[in-house]
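Report on the structure given below.
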Amino acid sequence: MPHLHIEKFKEIEYPLSHDGVTFGFVATNVNHTSEKLISVQVEEDSFFLLSKEEDGRSLLKSDKLTRPASIYNVHKALLAYATLAELNILASNVPEVQKNVHLQEVTALKSIDFFANDFPMTREVRIEVGFGSGRHLLHQAAKNPEILFIGIEIHRPSIEQVLKQVSIQKLDNLLVLDYDARLFMELVPSNIVGKVYVHFPVPWDKKPHRRVISTSFIQESRRILKVGGSLELRTDSENYYAYSYETFIAFHKTTLQINKNKDIAVTSKYEDRWKKQEKNIYDVTMINEEESQELSIEGSFDFDLLTTDDDFLLALHATTKRFEGGFIHFERAFRLENGVMLRLSMGSFDRPEHLYLIVENHQASYYPSMPLKSKSNLVAHQFLKRVLHG
Ligand SMILES: C[S@@+](CC[C@H](N)C(=O)[O-])C[C@H]1O[C@@H](n2cnc3c(N)ncnc32)[C@H](O)[C@@H]1O
């Protein structure tokens, strides 16, 4: 994660621009006033830089929640802020002169909006969830040039590694997305996917709600798979295998194939490790046999003018409001020059969305962009509107 260790954080006048970067406003954490978020706009990317104190000095880095697709834009923003605020930099991992040549050429990295606005529909799609080192994904894409592969990961170094390979191998049938795969599934059109691969997902034995495989993930997979298409889970965890089997078999009508220690064409780093340790590997393959209804998501993320005041909104901090099928958790509260900002997680329990809500002059809006237009987010939005009105 790019960052600057600085002697002392200094504010600037907002808005202010330098080297193609515009800093719009600052938000101060109500409970930790040394923690500040500075809004940044670079080209298409809107995100926050985060400043906080650590061990008597300050740290400036990108905010994890809003971090943009382009790491280059984070570098640019950090350097621009340091120049404008005349920061005394003590240590940094940001290169002064940059742009990763491979990443510059790469168009394979797509934003969630790309898929939400115009999902590529011209050829069969295969999805790999949590591709890690990308060995399996790259192998499949090279072997099947007529099929479009979409790889989804949340681990940035893995994404960059795969993007480099896409560029080196000149693959034009592989798109990469930095996003929670569980949310992504909700916007994929019905009946267009040949395979969904979930290989060696994190078992999350202590936090099962974070698992990729869940009833809703299986439901969405069934919807997006073509007739004859399959969801392929491969795991070394006996516990995860047993949990997944139970979750799959609970469906009224389902066709499953179970394999133990099946060899596949390409093994991942994880698989090599488990094989060396002589661990068993389990495959659960669900084959879809039914055509699903077209995807239809109606609704908007509009807000009415609020009648509640800033103190009411700030008091929501650290509270959780539940509704049937989901929740809204008010994680952090910030003060703005003319309003407040709340950091939220909201939506369904097994695939919540994390975002910021800004309220200025009684008008609420999401930052930096609206939630993903999914059924669970639209339900959560209606509930949020009621909470904000008191
Ligand atoms: C144990 S690794 C396995 C990687 C790879 N499939 C393999 O076989 O080597 C699990 C990967 O899933 C990713 N991951 C976990 N939850 C995810 C989610 N909700 N959406 C997308 N990727 C996720 C993690 O970042 C991690 O790289």
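Note that ligands are numbered from 1 as they come in the structure, with each ligand's atoms numbered from 1 the same way. Predicted model, so just to flag it, every value in this text is computed and none were measured.
In the vicinity of Y179, heavy-atom distances shorter than 4.0 Å reach the ligand 1 atoms 20 (N), 21 (C).
For R234 and E271, the salt-bridge test passes: some basic side-chain N is under 4.0 Å from an acidic carboxylate O.
Shortest contact from atom 19 (N) of ligand 1 to any protein heavy atom: D180 OD1, 2.9 Å. Protein heavy atom at the shortest distance from atom 16 (N) of ligand 1 is I154 CD1, 3.7 Å. Nearest protein neighbour of atom 1 (C) of ligand 1, counting heavy atoms only, is F200 O, 3.0 Å.
Considering backbone and side-chain N/O atoms, H199 comes within less than 3.5 Å of an N/O atom of ligand 1. Looking at ligand 1, you won't find any N or O of Y270 less than 3.5 Å from one of its N or O atoms.
Residues meeting the ring pair (Phe, Tyr, Trp, His ring centres under 6.0 Å) test with F323, sequence neighbours left out: F383.
Minimum heavy-atom separation, P95 to N93: CD-O, 3.6 Å.
Using cut-offs of 30° and 60° for the angle between ring planes, the F115 and F119 rings count as tilted.
Under a cutoff of 6.0 Å and an axis angle of 45°, R211 and W204 do not form a cation-pi pair.
By heavy-atom distance, the residue among H155, E153, R273, R211 lying nearest atom 26 (C) of ligand 1 is E153. Looking at S268, P201, G130 and measuring to atom 5 (C) of ligand 1, the nearest heavy atom belongs to G130. With atom 18 (C) of ligand 1 as the reference point, the heavy atom nearest to it among S133, S237, A181 is part of A181.
Applying the side-chain hydrogen bond (donor to acceptor under 3.5 Å, both in side chains) test between Y282 and each of K260, E238, K262 identifies E238 as the sole match.
A donor-acceptor contact shorter than 3.5 Å links the side chain of R223 to the backbone of V188.
Look at F184 and you'll find every heavy atom at least 4.0 Å from all atoms of ligand 1.
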